[in-house]
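Okay, so here's the structure we're looking at.
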Amino acid sequence: MKSWFAIPLLILAAAPRVLAHAGHDHGGVAWPELRQLDAMAHRAEHLAEAKDAAALRQLAPALATGAEGIAKARLPREARNPLAARLFQDDLGDLAKVFADAADTADADLFDAAEGLHSVVAELMKAVGMPHVHDHDHGPNHGILVALADAGGKAAGYAEVKLHDDEGDLEVWLYEDDHGRRPLRRPLDTTLRLVAGERTVRLAVRDRETNPDEKGTPTIHEGATHYFVAGATEWLKGHVHIMSTLHVGEGDTALKSKEFELHGHDHDHKHGDDHGHGHGHGHNH
């Protein structure tokens, strides 16, 4: 069977000029049906990783319909890389046939198709200019990864928001990319605001000398940092699930996330060398 998981790499190799800027300038393109397919593909990938063939076959008809619909749809006028996007649409058309025939498809092939589907959808989103982030995507520090946009709605980076719900304190890392590999640094006097309804938590640097993260790693570089904290907040303690928005800075350079569900991180991922926990300089009310 065709190795769907490798398709994006093959297309990237075949069309380097077309995809040179894919995923760097998202531009705020709206395609609700593709967003819905991405959510289903995200779930399908997890089912494949869990080797849950029965649940994946139950989801297969919806995957087939969604993938076929996107494959036949007209691209948004604002699509950044139309040629690459059409190639990924063709791949979705082929994958739709696999899911339509899920009852007669071997488990291993179905798992391969499910993993490939999410990969192809992610590359299509980048090609048309849409940020590929799920509310429950985790960053490198096991926090929630959310996309940021400037005042004009143009994508401008990512934030990883980590709530320690045992003490109610927050940490936020800012990145240029959705893998957390390139810090998005801001001046040390920058203030972040996490807004949840009528409640607000303010985050700031831990100190102006090294501003260490939870592992003790210095984060200041040339008078700027990508790491901000807030101390213990009573209403964020416990099993919290609350819709929130993150605001970074003020004025012309301000950034803002879309609304996302804030919840405590998985404490199974917490390591004994985490520190700074509960010692943030932010304020809340």
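All residue numbers in this chain count up from 1 along the given sequence. Predicted model, so just to flag it, every value in this text is computed and none were measured.
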Legend entry - Rounded distance [0.5 Å steps], CD in Glu123 versus CG in Asn81: 11.0 Å
Legend entry - Residue pair Ala60 / Ala102: nearest heavy atoms and the distance that separates them: CB-CB, 3.5 Å
Legend entry - Lys237 atom NZ, over 12 foreign heavy atoms within 6.0 Å: yes
Inset, instruction - Decide yes or no for Val161 and Leu145: does some side-chain heavy atom of the first lie under 4.5 Å from some side-chain heavy atom of the second? - result: no
Legend entry - Nearest-0.5 Å distance that lies between atom NZ in Lys72 and atom CD in Glu68: 4.0 Å
Legend entry - Interatomic spacing from CZ in Arg208 to CG in Leu188 - rounded to 0.5 Å: 5.0 Å
Legend entry - Glu214 bridged to Lys162 by N-O distance under 4.0 Å: yes
Inset, instruction - Applying side-chain contact (heavy atoms from CB on, under 4.5 Å), run through Asp213 and Trp173 and close with a yes or a no. - result: CA-CA 9 Å; Asp213 63 15; Trp173 293 259; 4.0 Å; yes
Legend entry - Tyr175 vs Pro140 side-chain heavy atoms within contact, under 4.5 Å: yes
Inset, instruction - Please say which of Val229, Asp165, Leu236 ends up in a side-chain contact (heavy atoms from CB on, under 4.5 Å) with Leu170. - result: Leu236
Legend entry - Donor on one side chain, acceptor on other, His142 and Glu160, under 3.5 Å: no
Inset, instruction - Find out whether Glu171 and Leu203 are in side-chain contact, i.e. whether some heavy atom of one side chain is under 4.5 Å from a heavy atom of the other. - result: no
Inset, instruction - Report yes if some heavy atom in the side chain of Lys256 is under 4.5 Å from a heavy atom in the side chain of Thr245; otherwise report no. - result: yes
Inset, instruction - Return the minimal non-hydrogen interatomic distance between Thr190 and Leu192, and the atom names on each side. - result: CG2-CD1, 3.9 Å
Legend entry - Heavy-atom side-chain contact between Phe99 and Pro61 under 4.5 Å: no
Inset, instruction - Would you check, one step at a time, whether the test salt bridge (Lys or Arg N to Asp or Glu O under 4.0 Å) holds for Glu250 with Arg193? - result: CA-CA 10 Å; Glu250 304 287 346; Arg193 292 179 294 118; 3.4 Å; yes
Inset, instruction - Take Thr225 and Thr219, measure what side chain to side chain donor-acceptor pair (under 3.5 Å) needs, and give me the verdict at the end. - result: CA-CA 6 Å; Thr225 185; Thr219 64; 2.8 Å; yes
Inset, instruction - Output yes when a side-chain donor or acceptor of Asn211 lies under 3.5 Å from a complementary backbone atom of Val205, and no otherwise. - result: no
Inset, instruction - Quick one: list whatever passes side chain to side chain contact (heavy atoms under 4.5 Å, CB included) with Thr210, sequence neighbours left out. - result: Asp207, Pro212, Pro218
Inset, instruction - Would you name the heavy atoms of Ser244 and Leu262 that are closest together and state the gap between them? - result: OG-CB, 3.5 Å
Inset, instruction - For the pair Val128 and Trp31, evaluate side-chain contact (heavy atoms from CB on, under 4.5 Å) and give the outcome as yes or no after the intermediate values. - result: CA-CA 9 Å; Val128 300; Trp31 194 350; 4.0 Å; yes
Inset, instruction - To the nearest 0.5 Å, tell me how far Ile242 CD1 sits from Glu259 CD. - result: 9.5 Å
Inset, instruction - Can you see which heavy atom on Ala114 is nearest to which on Ala48, and at what distance? - result: CB-CB, 3.9 Å
Inset, instruction - Report yes if the side chains of Leu174 and Arg186 come closer than 4.5 Å at any heavy-atom pair, otherwise no. - result: yes
Inset, instruction - Please confirm whether the backbone N or O of Arg182 pairs with a side-chain atom of Asp177, one donor and one acceptor, at under 3.5 Å? - result: yes
Legend entry - side chain to side chain contact (heavy atoms under 4.5 Å, CB included) involving Arg43 - partner list, sequence neighbours excluded: Leu47, Leu59
Inset, instruction - I would like to know whether Leu63 and Leu95 meet side-chain contact (heavy atoms from CB on, under 4.5 Å); could you show each step before the answer? - result: CA-CA 9 Å; Leu63 293 173; Leu95 282 166; over 6 Å; no
Inset, instruction - First locate atom CZ of Phe88, then atom CG of Leu75, and finally report the distance between them rounded to the nearest 0.5 Å. - result: 12.0 Å
Legend entry - Any side-chain heavy-atom pair of Ile70 and Glu33 under 4.5 Å: yes
Legend entry - Any donor-acceptor N/O pair, Thr105 side chain to Asp101 backbone, under 3.5 Å: yes
Inset, instruction - Heavy atoms only: give me the nearest Leu246-Ala159 pair and the separation to one decimal. - result: CD2-CB, 3.5 Å
Legend entry - side-chain hydrogen bond (donor to acceptor under 3.5 Å, both in side chains): pairs with one or both residues in residues 51-60, sequence neighbours excluded: Arg57-Asp107
Legend entry - Side chain Thr253, main chain Gly251, donor-acceptor under 3.5 Å: no
Legend entry - Minimum heavy-atom distance Ala224-Arg185, with the two atoms named: CB-CB, 3.8 Å
Inset, instruction - Start with the C-alpha gap between Leu34 and Met125, add the side-chain angles, then the distance that decides, and say whether side-chain contact (heavy atoms from CB on, under 4.5 Å) holds. - result: CA-CA 8 Å; Leu34 181 56; Met125 292 176 75; 3.6 Å; yes
Legend entry - Heavy atoms from other residues, nucleotides or ligands near CG of Asp252 exceed 12 (cutoff 6.0 Å): no
Inset, instruction - May I ask you to test the Val172-Tyr227 pair for a side-chain heavy-atom distance under 4.5 Å? - result: no
Legend entry - Spacing of CZ belonging to Phe228 relative to CG belonging to Leu194, to within rounding of 0.5 Å: 14.0 Å
